[in-house]
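Each remark here refers to the structure printed beneath this line.
Being a predicted model, the structure only gives us computed values, none of them experimental. Per chain, numbering begins at 1; letters A, B, ... match sequence-line order.
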Amino acid sequence: MRNIIMKDKTLVTAALPYANGKPHVGHIAGAYLPADTYVRFLRLMGKDAVFVCGSDENGAPITFSAIKEGVTPQDIVDRYHAVLSESFKGLGIDFDYYGRTHCEKHNGISQEFFTTLHDKGHVVKRSSEQVYCTECNMFLPDRYIEGNCPHPDCKKPGARGDQCESCGRPVDATKLEDPVCMVCKQSGREGKGCIEVRETTHWYLRLDAFEKDLRAYLDLHPEWRESVKRFSYGLLDQGLRERCVTRDLDWGIPVPLEEAEGKVLYVWFDAPIGYITFTRQYLESLGKEEEWKDYWYNQDNGLVHFIGKDNTVFHAVMFPGMMMAHGDYRMPDTVVSNEFLNLEGDKISTSRNYAVWVNEYLEAFSPDPLRYYLTAIAPENSDSDFSWQGFQNRNNGELADNLGNFIQRNLAFCNKYFEGKVPPAENISDAGKELLEEIEKTRTELAELFDGHRYRDALERIMLLSRKGNEFFSAEEPWKSRKDDMAKCGATIYTCMMVIEALSVFMSPILPFSAAKLRECLNIPALSAGDWNTDAVLKSGHTINTPEVLFPKIDDAMIEEQVAKLTPKAKAE
RNA sequence: GCCGAGGUAGCUCAGUCGGUGAGAGCGAUGGAUUCAUAACCCAUAGGUCGGCGGUUCAAGUCCGCCCCUCGGUACCA
């Protein structure tokens with residue numbers, strides 16, 4: 001048996017979604033759903049958990065979207081902040097606080113963070129040459145310049161300022177041939193067009209100074225997912241470099257230095273600080289001004305970050321490096337990182353509009369089937385694939401036919417032949433006793449799986465219990481015993497009811513809506529903190545309510561409708 | 001190019017420190033049954049474990065080379 005590693009008090013964060021697009025199933029599977037599941041689990045275990053997140057509203061792409069649409073950056077972030085909040089809410093991703101980084105409080109905390117690093121000498125000034133667009137009147141991120149590859153043996157078009165798409169090699173943005181600004185789509189070099197090279201000044205975080213400490217920190221966490229460790233050690237082995245933490249932009253958090261007029265903090269510098277900001281805002285809203293320190297200063301408590309793999313470098317190396325450099329804060333315990341979710345075999349792409357958007361999903365279906373499916377195919381160890389066919393199969397074959405039907409056949413049987421009263425807990429057969437023991441085995445193993453962030457396995461374990469319930473029910477044949485041996489029949493149904501109550505607890509972190517509905521059908525109280533280990537409240541003689549179908553089947557037409565929404569654009573590429 | 005991950009039954013994937021006849025779910029086929037959302041239960045299916053070579057008494061499981069897919073490559077977030 002492994003050791004349970006959760007703490008009595010834990011701060012859980014989910015990667016801040018960038019407020020420049022709607023959330024899709026990939027985002028949900030990557031960070032938000034596992035984080036929400038974990039928080040629900042912690043609370044069932046009677047632990048204190050605070051769950052924060054918020055929209056990431058700074059950065060260059062938001063500015064560019066605003067330019068493209070002819071609106072202000074504020075318009076962009078307002079729009080997406082609203083969609084993001086609603087989507088999370090609709091799926092039952094239940095943050096204690098969902099904030100936004102474009103606010104005074106966050107500016108102040110981020111600037112204080114920067115100032116501390118600057119005063120300690122961990123941030124240094126450097127000058128460099130960057131590409132500037134005179135049409136847009138701004139410096140361009142390397143990614144936003146396209147041209148011909150400067151490598152003599154390649155020369156192919158479509159190379160970006162950071163990397164050539166054709167030969168895959170890194171590119172020096174200032175050396176791209178025939179560069180085009182991807183914001184205004186204009187081109188031409190010095191004098192003859194809008195693209196020119198200008199000198200600029202920026203501030204760099206001396207990550208290299210913390211290389212040894214970061215390695216020691218990683219060494220303390222053998223329990224992290226393999227992919228995160230391999231990636232992080234890989235970076236350390238290459239040697240950490242200074243990392244630029246400011247940008248030439250007018251949208252963002254001003255760099256708190258007189259000589260840094262017109263510069264803002266790099267969005268990835270302030271985004272993780274958002275976790276601190278949101279924790280403070282949440283606890284202040286509860287009138288507990290000082291309590292955030294429990295989570296950010298006290299290493300005895302838990303701090304767990306949930307992210308997608310694209311965020312690994314920031315959460316496993318850069319943010320910990322920032323925390324070390326600052327000095328006041330505790331270090332994160334765990335970074336739970338997921339791989340990517342593909343869609344019908346192809347990459348999900350916001351820019352190509354190739355995705356299953358959460359808000360559109362919710363117009364057609366209830367949240368739990370998606371939570372179920374995304375957990376079942378969670379990209380925990382490697383990329384996985386979302387397919388509508390798979391969604392339908394899992395929903396109909398597993399949720400409805402296995403779990404739903406097990407519940408349904410028992411509640412219906414109980415109503416029909418026992419007047420809705422839980423039968424006496426007598427004459428339990430050996431197989432029945434074995435099944436009751438299986439409940440406890442599941443309880444123990446499941447806690448370890450949730451605690452170890454193995455949600456996919458956890459769900460499988462839950463379904464195994466349901467399957468065993470079905471096997472038991474069929475083997476006992478209560479439809480026969482009800483005619484000549486009501487004692488045996490009652491024992492069968494009683495045993496199954498115990499399984500069902502346990503399932504209502506076990507499934508609740510993943511399927512919160514259905515778990516609540518099930519407990520209503522059972523006519524027992526809603527779950528509350530610490531109920532994971534509470535004794536069964538379902539007793540002999542207790543009257544249940546009329547059952548309702550928990551997991552309706554999804555018919556082909558509904559799936560075809562979704563597939564149709566997807567295909568034209570996917571093929572249009 | 002460099003670094004990393006992956007290529008296991010029709011499909012989706014498990015396979016811990018190398019060792020009982022290589023597994024699960026779905027699908028397919030046959031059987032049983034009627035409490036239930038035509039659901040459930042039982043049985044069966046023989047896949048050169050990407051290719052070649054090597055180490056070993058023994059290799060999906062270790063080593064080398066090769067092929068294919070996918071990420072990262074630090075100014076997209």
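The separation of B:C57 from B:G18, taken at their C1' atoms, amounts to 13 Å, rounded to a whole angstrom. B:G10 and B:A28 have their C1' atoms separated by 9 Å, with the value rounded to a whole Å. Taking atom P on both B:G53 and B:G47, the two are 23 Å apart, rounded to the nearest angstrom. Comparing B:G27 with B:U61, their P atoms sit 32 Å apart, to the nearest whole Å. Look at the C1' atom in both B:A38 and B:U48: the space between them is 41 Å, to the nearest Å. Taking the P atoms as reference points, B:U16 lies 15 Å from B:G23, given to the whole Å. Here, B:G60 and B:C49 have their C1' atoms 5 Å apart, quoted to the whole Å. One C1' atom belongs to B:C13, the other to B:C17, and the distance between them is 23 Å to the nearest Å.
Take A:Glu211 and apply the salt bridge (charged side-chain N to carboxylate O under 4.0 Å, His left out) test, not counting sequence neighbours, and it matches no residue. Annotation: side-chain contact (heavy atoms from CB on, under 4.5 Å) contacts of A:Asn545 (sequence neighbours excluded): A:Asn523. Residues satisfying the side-chain hydrogen bond (donor to acceptor under 3.5 Å, both in side chains) criterion with A:Lys517, sequence neighbours excluded, are absent altogether.
Two residues, A:Gln163 and A:Phe406, neighbour RNA chain B, and the one matched to the more 5' nucleotide by heavy-atom proximity is A:Phe406. Mapping A:Phe472 and A:Asp142 onto RNA chain B by nearest heavy atom places A:Phe472 at the nucleotide closer to the 5' end.
In this structure, A:Arg126 places its CZ atom 16 Å from C1' of B:C75, rounding to the nearest Å. Between A:Met182 atom CE and B:C75 atom P the separation is 20 Å, expressed in whole Å. Residue A:Glu339 contributes atom CD, which lies 13 Å from atom P of B:G7 at whole-angstrom precision. Note: CZ (A:Phe314) to C1' (B:U73) measures 12 Å, nearest angstrom. Put simply, CH2 on A:Trp268 is 16 Å from P on B:A74, counting in whole angstrom units. When rounded to the nearest whole Å, the span between CD of A:Glu476 and C1' of B:C40 equals 15 Å. Distance, A:Lys468 NZ to B:G25 P: 12 Å, rounded to whole Å. The CG-P distance, from A:Leu235 to B:U73, rounds to 9 Å in whole Å.
Base orientation of B:G60: syn, the glycosidic angle falling within 90° of 0.
Using a 4.0 Å cut-off between charged nitrogen and carboxylate oxygen, A:Asp346 and A:Arg352 do not count as a salt-bridge pair. The pair A:Arg215-A:Asp237 counts as a salt bridge, with a side-chain nitrogen and a carboxylate oxygen less than 4.0 angstrom apart.
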| message | For a salt bridge (charged side-chain N to carboxylate O under 4.0 Å, His left out) check, start with the C-alpha distance between A:Lys480 and A:Asp485, then their side-chain angles and the critical distance, and finish with the verdict. | response | CA-CA 8 Å; A:Lys480 284 186 184 164; A:Asp485 189 352; over 6 Å; no
| task | Begin with the C-alpha distance, continue with both residues' side-chain angles, and end with the deciding distance and a verdict on ring-ring contact (aromatic ring centres under 6.0 Å, His included) for A:Trp224 and A:Tyr217. | result | CA-CA 12 Å; A:Trp224 286 17; A:Tyr217 167 62; 5.7 Å; yes
| message | Run the salt bridge (charged side-chain N to carboxylate O under 4.0 Å, His left out) test on A:Glu380 and A:Arg456 for me, step by step, so that the C-alpha distance in whole Å, both residues' side-chain angles and the decisive distance to 0.1 Å come before the verdict. | response | CA-CA 8 Å; A:Glu380 290 172 0; A:Arg456 199 172 171 147; 6.0 Å; no
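Within the 4.0 angstrom heavy-atom criterion, no nucleotide atom of any strand lies near A:Gly308. A:Glu460 comes within contact range of no nucleotide atom at all, as no heavy-atom separation falls under 4.0 Å. Residue contacts shown for A:Tyr204 include a base, since a base heavy atom lies under 4.0 Å away. Note on A:Arg230: only backbone sugar-phosphate atoms sit closer than 4.0 angstrom, heavy atoms only; bases stay farther off. Contacts of A:Asp56 with the nucleic acid, taken as non-hydrogen atoms under 4.0 Å apart, involve only primed sugar atoms and P, OP1 or OP2.
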Nucleotides 10-13 of chain B: which of its N/O atoms have a protein N/O under 3.5 Å away?
none

When you compare the protein's N or O atoms with those of nucleotides 29-38 of chain B, which come within less than 3.5 Å of each other, and at what distance?
{"unit_1": "B:C35", "atom_1": "O2", "unit_2": "A:Arg409", "atom_2": "NE", "d": "3.0"}
{"unit_1": "B:C35", "atom_1": "N3", "unit_2": "A:Arg409", "atom_2": "NE", "d": "3.4"}
{"unit_1": "B:C35", "atom_1": "N3", "unit_2": "A:Arg409", "atom_2": "NH2", "d": "2.6"}
{"unit_1": "B:C35", "atom_1": "N4", "unit_2": "A:Arg409", "atom_2": "NH2", "d": "3.1"}
{"unit_1": "B:A36", "atom_1": "OP1", "unit_2": "A:Lys416", "atom_2": "NZ", "d": "2.9"}
{"unit_1": "B:A36", "atom_1": "O2'", "unit_2": "A:Asn405", "atom_2": "OD1", "d": "2.8"}
{"unit_1": "B:A36", "atom_1": "N1", "unit_2": "A:Arg409", "atom_2": "NH2", "d": "3.4"}
{"unit_1": "B:A36", "atom_1": "N3", "unit_2": "A:Asn405", "atom_2": "OD1", "d": "3.4"}
{"unit_1": "B:A36", "atom_1": "N3", "unit_2": "A:Asn405", "atom_2": "ND2", "d": "3.1"}
{"unit_1": "B:A36", "atom_1": "N3", "unit_2": "A:Arg409", "atom_2": "NE", "d": "3.4"}
{"unit_1": "B:U37", "atom_1": "N3", "unit_2": "A:Phe551", "atom_2": "O", "d": "2.7"}
{"unit_1": "B:U37", "atom_1": "O4", "unit_2": "A:Phe551", "atom_2": "N", "d": "3.2"}
{"unit_1": "B:U37", "atom_1": "O4", "unit_2": "A:Phe551", "atom_2": "O", "d": "3.3"}

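Checking B:A77, B:C42, B:C75 against the side-chain heavy atoms of A:Tyr18 singles out B:A77 as nearest. Side-chain proximity of A:Arg467 to the nucleotides B:C41, B:A77, B:A74 is greatest for B:C41.
At least one cation-pi condition fails for A:Lys347 and A:Phe340: the charged atom is not both under 6.0 angstrom from the six-membered ring centre and inside a 45 degree cone around its axis. Geometrically, A:Arg394 does not engage A:Tyr373 in a cation-pi contact defined by less than 6.0 Å to the ring centre and at most 45° from the axis.
Annotation: the span from A:Asp457 atom CG to A:Arg461 atom CZ amounts to 11.0 Å, rounded to 0.5 Å.
Helical stems of RNA chain B (runs of at least 3 Watson-Crick or G-U pairs, donor-acceptor distances under 3.5 Å) are listed by first residue: B:1-7 with B:67-73, B:10-13 with B:23-26, B:28-31 with B:41-44, B:50-54 with B:62-66.
Residue A:Tyr266 places at least one side-chain N or O closer than 4.0 Å to OP1 or OP2 of B:A77. Between A:Arg243 and B:C75 there is a side-chain polar atom (N or O) within less than 4.0 angstrom of OP1 or OP2.
Side chain of A:Asp383 to main chain of A:Asn342: no donor-acceptor pair is present (N/O by atom type, distance under 3.5 Å, no hydrogens or angles).
Side-chain contact between A:Leu249 and A:Phe139 is absent, with no heavy-atom pair separated by less than 4.5 Å. When side chains are defined from C-beta on, A:Met318 does not count as touching A:Leu235, because their heavy atoms never get closer than 4.5 Å.
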